[in-house]
Protein chains: 2
Amino acid sequence: MNIYDIAREAGVSIATVSRVINGSNKVSESTKKKVLDLVEKYQYSPNAFARGLGLGTMKTIGVLCADISNLYISEAMAHIEHGLHDYGFNSLLCCTGYDHQDKENGVKLLLSRNVDALILLGSHYTEQDDSANEYIYQAAKTVPIFMVDSVLHGENIYSIACDDYDITKLLAQKLLDSGTKSPIFLYRHDSYTCRQKIKAITDACREKGIAFGDDRVFLCPVGISGCVKTLKKAEGLLSFDTVMCDNDLLAASTLQYAQEKDFSVPEDLRVTGYDFTILSLTTTPLLTTIDNKVEHVARAVVDTLVLRLNNEIISQKTIFSADIISGRSI
Amino acid sequence: MNIYDIAREAGVSIATVSRVINGSNKVSESTKKKVLDLVEKYQYSPNAFARGLGLGTMKTIGVLCADISNLYISEAMAHIEHGLHDYGFNSLLCCTGYDHQDKENGVKLLLSRNVDALILLGSHYTEQDDSANEYIYQAAKTVPIFMVDSVLHGENIYSIACDDYDITKLLAQKLLDSGTKSPIFLYRHDSYTCRQKIKAITDACREKGIAFGDDRVFLCPVGISGCVKTLKKAEGLLSFDTVMCDNDLLAASTLQYAQEKDFSVPEDLRVTGYDFTILSLTTTPLLTTIDNKVEHVARAVVDTLVLRLNNEIISQKTIFSADIISGRSI
């Protein structure tokens, strides 16, 4: 019987069980009673858990992200940070940018600060060429590594992500079934999830006998204007009726392009976003986007991390299903 | 002759001077030469500076913010974090939320981690009732405190902010001069800057003989729907032709309200935002908003902090001027 079983039987998160055990007053009386009853029933020893957690020594978790001002990243960070604080953990934040060498330096820096675990937040940390991931495998020899929003296989490495391939394929099928003939895909930075999405669109198109090659995938420079310029260049190269985007910001930028061109969305051009950020709810029309469950993912990261630091057995890969959020842009 | 003089004469930031002295390769050759020439000319001893900075001991700066997923906060944090890393500093992040007790606990937590300075990021840390700021005055006895986006007077406390009163008054005057007769103001959390803005609007209205009292100031519940509900309630209480908002998210939400009501913006309703975030560039119409110079402020925080830790004399209050960004919503 471990804390995970107690949490499951009580129908609460392990964070809540931890809070009850540590006497936090942020838990309702009824939940408190339910948890303490189970602790008594199974004679669960919270002390072993507390010792495992090193309560009193205040563990520090290093978090790396490419860019904290990215909407998905900042929201994930907010949830992760709250979760870690619930366990009495600190978080050391390091923003590395997108360059490989800076990411390596970021990991070195945090390891030199004696962090107890590393969270690599965002899908930009898993490189296609696996030899470029060597610094992560090396770091995993020192502390457990938690990959958020990407998947990497290796000892002492734990991945928590959404099934971006499945949901993107579903979205592409939905588009193709309802009139899309010539989609293109926009992205801003190469990443693990980005490659999953491109593969999903390619597969969905192939099944419908529609061509979707590298020529329909566009890397956009920074900013809204970078995206608008890319679309204007794309116009000259091929025709497109649907713009699928790697994130909501690119989709919102595509709406600005449509407005400049006097295109109606979705009648003249269909647009989809990704990440279900606040942007998708403030554009006109509202964006059709993908809810990749940032809060669930963040909570799972923290729960997995705490279990791992407590030497409990945890799965190396936790994958959530994402949802299509229907806006008015397709 | 100190590092600040060298930076000024070279026309670069003190971060750049520091980088040159520490042999970073992120500086152009011409800048490097200019700085090193000045170091030689004035026989400036970088060693004293380096000792002051405690290079090699890796100083850790504690950063508190209410909510890292707030657009202004996450952008400021990105700039601050980059600046600190340029100096070889680490940042410990703690998200406190908006409750007073949690803010106090956050400060305690970071102090217990032996941080070398504290940055209180966001205007929510200066309370109107000065006795509620006592925990900040107490903390300032241990480490220097840097208030970002709010102003607090006290020993070892340094404030870096924008002149929100001036720019809001200017914006209100502009609105009143061009047809606004009945403005209202929306906010989500009480804060130092929020109070400055309300005072500015009140003063601008008084000068034009237009009534603007507490009944025209509305606290909105969370989310876009919270803002829309507030506006629908406001309709029943009074008439308004202009909605001035404490941030871009509230302004973008007001555009959603206008759309629901089939109001044209700006013909039927004028809307202004604040913070010049990405939201202001992705709505239809684009938002008229205030650029409160998040990058300048963040850089100034880091430069001030480094000078203070080097025991150089610095000003206790650094105030930047903000700009009106003309969108199409007024």
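We name chains A, B, ... by the order of the sequence lines, and we start the count at 1 in each one.
- Within 6.0 Å of atom CZ in Arg299(B), 12 or fewer heavy atoms from other residues, nucleotides or ligands are found, so the atom counts as exposed in its surroundings.
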Could you check Thr283(A) against Thr283(B) for side chain to side chain contact (heavy atoms under 4.5 Å, CB included), going step by step and ending with a plain yes or no?
CA-CA 5 Å; Thr283(A) 53; Thr283(B) 52; over 6 Å; no

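- Of the atoms belonging to Asn105(B), not a single heavy atom falls under 4.5 Å from chain A.
- Listed by sequence position, Leu93(A), Cys94(A), Cys95(A) are the residues of residues 93-100 of chain A in contact with chain B, using a 4.5 angstrom heavy-atom cutoff.
- The CG atom of Leu286(A) sits 7.0 Å away from atom CD of Gln259(B), with the distance rounded to the nearest 0.5 Å.
- You'll find the side chain of Leu281(B) stays beyond 4.5 Å of the side chain of Gln256(A), heavy atoms only.
- Annotation: maximal heavy-atom pairing with chain A below 4.5 Å, among Ser91(B), Ala78(B), Ala252(B), occurs at Ser91(B).
- Under the 4.5 Å side-chain criterion, counting only non-hydrogen atoms from C-beta, Ile68(A) is not in contact with Glu81(B).
- Identified by a heavy-atom distance below 4.5 Å to chain B, the contributing residues of residues 262-278 of chain A are Ile278(A), in residue-number order.
- No more than 12 heavy atoms of other residues, nucleotides or ligands shown are found within 6.0 angstrom of NE2 on His296(B).
- Neither the backbone nor the side chain of Leu84(A) comes within less than 4.5 Å of any heavy atom of chain B.
- Of the atoms belonging to Ile73(A), not a single heavy atom falls under 4.5 Å from chain B.
- Contact of Leu110(B) with chain A is not made at all, since no heavy-atom distance falls under 4.5 Å.
- Note that CD1 of Ile224(B) is 6.0 Å distant from OG1 of Thr282(A), once rounded to the nearest 0.5 Å.
- With a 4.5 Å cut-off on non-hydrogen atoms, Glu75(A) touches chain B through its backbone and its side chain both.
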